[in-house]
Trainee: 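One structure coming up, written as structure tokens, with questions to follow.
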Amino acid sequence: MHELSLMQSIFEIVEAEMKAHGLAHIDLVKIKVGELTAVEGASMQFAFEVLKKGTGLENARLEIEYVPGVAYCAKCDLRYLMEGYRIICPQCGRGGRIIAGKELYVDSLGVDDGEENKNCQKCIKGQ
């Protein structure tokens, strides 16, 4: 289960961002995972739930956005969705170049700092 070590690396990135921005907690972690990475989403969720206990991410949730495998054929100037790991161009039958689907990174972090509720109360008082 390499997802545990991948999630440990994600935690290191998130905790470094929390430290850099002086945040005590994070409420949402969004990651992008390419379909060609052979990463199991359920295993990533499990690793996230195990690792977040006792950290600033204890109440956070993990959102995973999957990125499909996309290849490019230079001969046809065609971008196409890959079928599994098959990179053969559907028009000419030549091999294409993978241009998406191999990524795995932290896309964004979310913090609910209560500002939205505070702003709403100001609006209500102003009416």
Side-chain angles (χ1 to χ4, degrees):
M1 183 167 128
H2 67 289
E3 285 84 355
L4 182 59
S5 63
L6 292 172
M7 190 53 71
Q8 286 172 327
S9 296
I10 289 171
F11 267 68
E12 290 173 12
I13 292 166
V14 172
E15 289 172 343
E17 287 298 313
M18 290 171 63
K19 185 176 179 180
H21 296 281
L23 299 172
H25 71 280
I26 293 286
D27 298 307
L28 175 65
V29 177
K30 290 184 178 180
I31 61 173
K32 288 199 177 186
V33 177
E35 289 181 341
L36 304 175
T37 59
V39 170
E40 292 284 332
S43 296
M44 291 293 280
Q45 286 285 355
F46 177 77
F48 183 80
E49 295 301 319
V50 169
L51 293 172
K52 75 179 191 179
K53 293 179 179 148
T55 71
L57 288 85
E58 186 143 10
N59 296 317
R61 62 187 168 87
L62 175 68
E63 284 186 10
I64 302 173
E65 180 181 340
Y66 294 96
V67 179
V70 178
Y72 173 76
C73 175
K75 181 181 178 195
C76 302
D77 191 29
L78 178 68
R79 294 172 52 124
Y80 53 94
L81 287 175
M82 296 173 56
E83 294 179 24
Y85 293 96
R86 184 180 164 95
I87 62 170
I88 302 299
C89 176
Q91 284 188 357
C92 70
R94 293 181 65 182
R97 178 174 48 94
I98 296 171
I99 58 174
K102 295 168 64 177
E103 50 277 274
L104 173 59
Y105 60 88
V106 176
D107 185 49
S108 65
L109 304 173
V111 177
D112 180 8
D113 58 5
E115 286 296 316
E116 185 175 305
N117 291 337
K118 192 187 315 178
N119 289 339
C120 288
Q121 289 174 357
K122 286 179 184 176
C123 292
I124 292 170
K125 287 179 183 176
Q127 291 179 348

Trainee: Could you tell me the separation between the CG atom of Leu4 and the CG atom of Leu51, rounded to the nearest 0.5 Å?
Mentor: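 Here the interatomic distance stands at 5.5 Å.
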Trainee: Could you report the tightest heavy-atom contact between Pro68 and Glu35, atom names first, then the distance?
Mentor: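 Smallest heavy-atom distance, with atoms named: CA-OE1, 3.3 Å.
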Trainee: To the nearest 0.5 angstrom, please state how far the CE atom of Met82 sits from the CD1 atom of Ile88.
Mentor: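 Going from CE on Met82 over to CD1 on Ile88, the span is 9.5 Å.
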Trainee: Checking Glu58 side chain against Gly54 main chain: does a donor-acceptor pair fall under 3.5 Å?
Mentor: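 At least one qualifying donor-acceptor pair exists.
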Trainee: Heavy atoms, side chains only, cut-off 4.5 Å: are Glu15 and Ile26 in contact?
Mentor: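 Answer no - side chains too far apart.
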Trainee: Write down the atom of Met44, the atom of Leu62, and the distance for their closest heavy-atom approach.
Mentor: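 So the two residues come closest at O-CD2, 4.0 Å.
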Trainee: Tell me which pairs pass side-chain hydrogen bond (donor to acceptor under 3.5 Å, both in side chains) where either residue lies in residues 96-108, with sequence neighbours left out.
Mentor: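 Of all non-adjacent pairs touching residues 96-108, none passes side-chain hydrogen bond (donor to acceptor under 3.5 Å, both in side chains).
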Trainee: When rounded to the nearest 0.5 angstrom, what distance separates CD in Glu40 from NE2 in His2?
Mentor: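 If we round to the nearest 0.5 Å, Glu40:CD and His2:NE2 are 8.5 Å apart.
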Trainee: So if you build clusters from Ile, Leu, Val, Met, Phe, Trp, Tyr with side-chain heavy-atom gaps below 4.5 Å, do Ile10 and Met18 land together?
Mentor: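 Linked, Ile10 and Met18 end up in one cluster.
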Trainee: As an exercise, state the distance from CD of Gln91 to CG of Asp77, rounded to the nearest 0.5 Å.
Mentor: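 So the gap between those two atoms works out to 10.0 Å.
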Trainee: Would you confirm whether Tyr80, through its side chain, and Ile87, through its main-chain N or O, come within 3.5 Å as a donor-acceptor pair?
Mentor: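 It does hold such a pair.
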Trainee: Would you indicate whether Glu83, at its atom CD, is surrounded by more than 12 heavy atoms from other residues, nucleotides or ligands within a distance under 6.0 Å?
Mentor: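 No.
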Trainee: Rounded to the nearest 0.5 Å, what's the gap from NZ on Lys32 to OG1 on Thr37? Could you check?
Mentor: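 If we round to the nearest 0.5 Å, Lys32:NZ and Thr37:OG1 are 14.0 Å apart.
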Trainee: Cluster question for you: counting only ILVMFWY and a side-chain heavy-atom cut-off of under 4.5 Å, with indirect links fine, are Ile31 and Leu28 together?
Mentor: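 Unlinked, Ile31 and Leu28 end up in two clusters.
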Trainee: Which atom pair, heavy atoms only, marks the closest approach of Cys89 to Leu78?
Mentor: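 Minimum heavy-atom separation between Cys89 and Leu78: SG-CD2, 4.1 Å.
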Trainee: Do Phe48 and Leu57 have side chains that approach each other closer than 4.5 Å (heavy atoms only, starting at C-beta)?
Mentor: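 Yes, their side chains come closer than 4.5 Å.
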Trainee: Mind checking who shares a hydrophobic cluster with Ile99, ILVMFWY linked at side-chain heavy-atom distances under 4.5 Å?
Mentor: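 Noted: Ile99 shares its cluster with Val70, Tyr72, Leu81.
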Trainee: Honestly curious: do Leu36 and Ile64 fall in one hydrophobic cluster under the side-chain, below-4.5 Å linking rule?
Mentor: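 No, it is not one cluster - the side chains of Leu36 and Ile64 are not joined through contacts under 4.5 Å.
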Trainee: For Ala47 and Met7, work out which heavy atoms get closest and say how close.
Mentor: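 Closest approach of Ala47 to Met7: CB-CB, 3.8 Å.
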Trainee: Please say yes or no: joined through hydrophobic side-chain contacts below 4.5 Å, possibly via intermediate residues, are Val39 and Tyr66 part of one cluster?
Mentor: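 Yes; tracing contacts between hydrophobic side chains, which count when under 4.5 Å, links both residues.
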Trainee: Between Glu65 and Lys30, is a side chain to side chain contact (heavy atoms under 4.5 Å, CB included) present by the stated rule, with each step listed?
Mentor: CA-CA 7 Å; Glu65 180 181 340; Lys30 290 184 178 180; over 6 Å; no
Trainee: Could you tell me which residues satisfy side chain to side chain donor-acceptor pair (under 3.5 Å) with Glu63, sequence neighbours excluded, listed by chain and number?
Mentor: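 Once residues adjacent in sequence are excluded, the partners of Glu63 under the side chain to side chain donor-acceptor pair (under 3.5 Å) criterion are Arg61.
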Trainee: What residues, two or more places apart in sequence or in another chain, satisfy side chain to side chain donor-acceptor pair (under 3.5 Å) together with Arg94?
Mentor: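 Side chain to side chain donor-acceptor pair (under 3.5 Å) check on Arg94 returns nothing, list empty.
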Trainee: Hydrophobic cluster mates of Val67, side-chain heavy atoms under 4.5 angstrom, ILVMFWY only, any path?
Mentor: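 When side chains under 4.5 Å apart are linked, Val67 ends up in no cluster with other residues.
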Trainee: Output all residues satisfying side chain to side chain donor-acceptor pair (under 3.5 Å) with Glu17, sequence neighbours left out; order by chain, then residue number.
Mentor: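 For Glu17, the residues satisfying side chain to side chain donor-acceptor pair (under 3.5 Å) (neighbours in sequence not counted) are His21.
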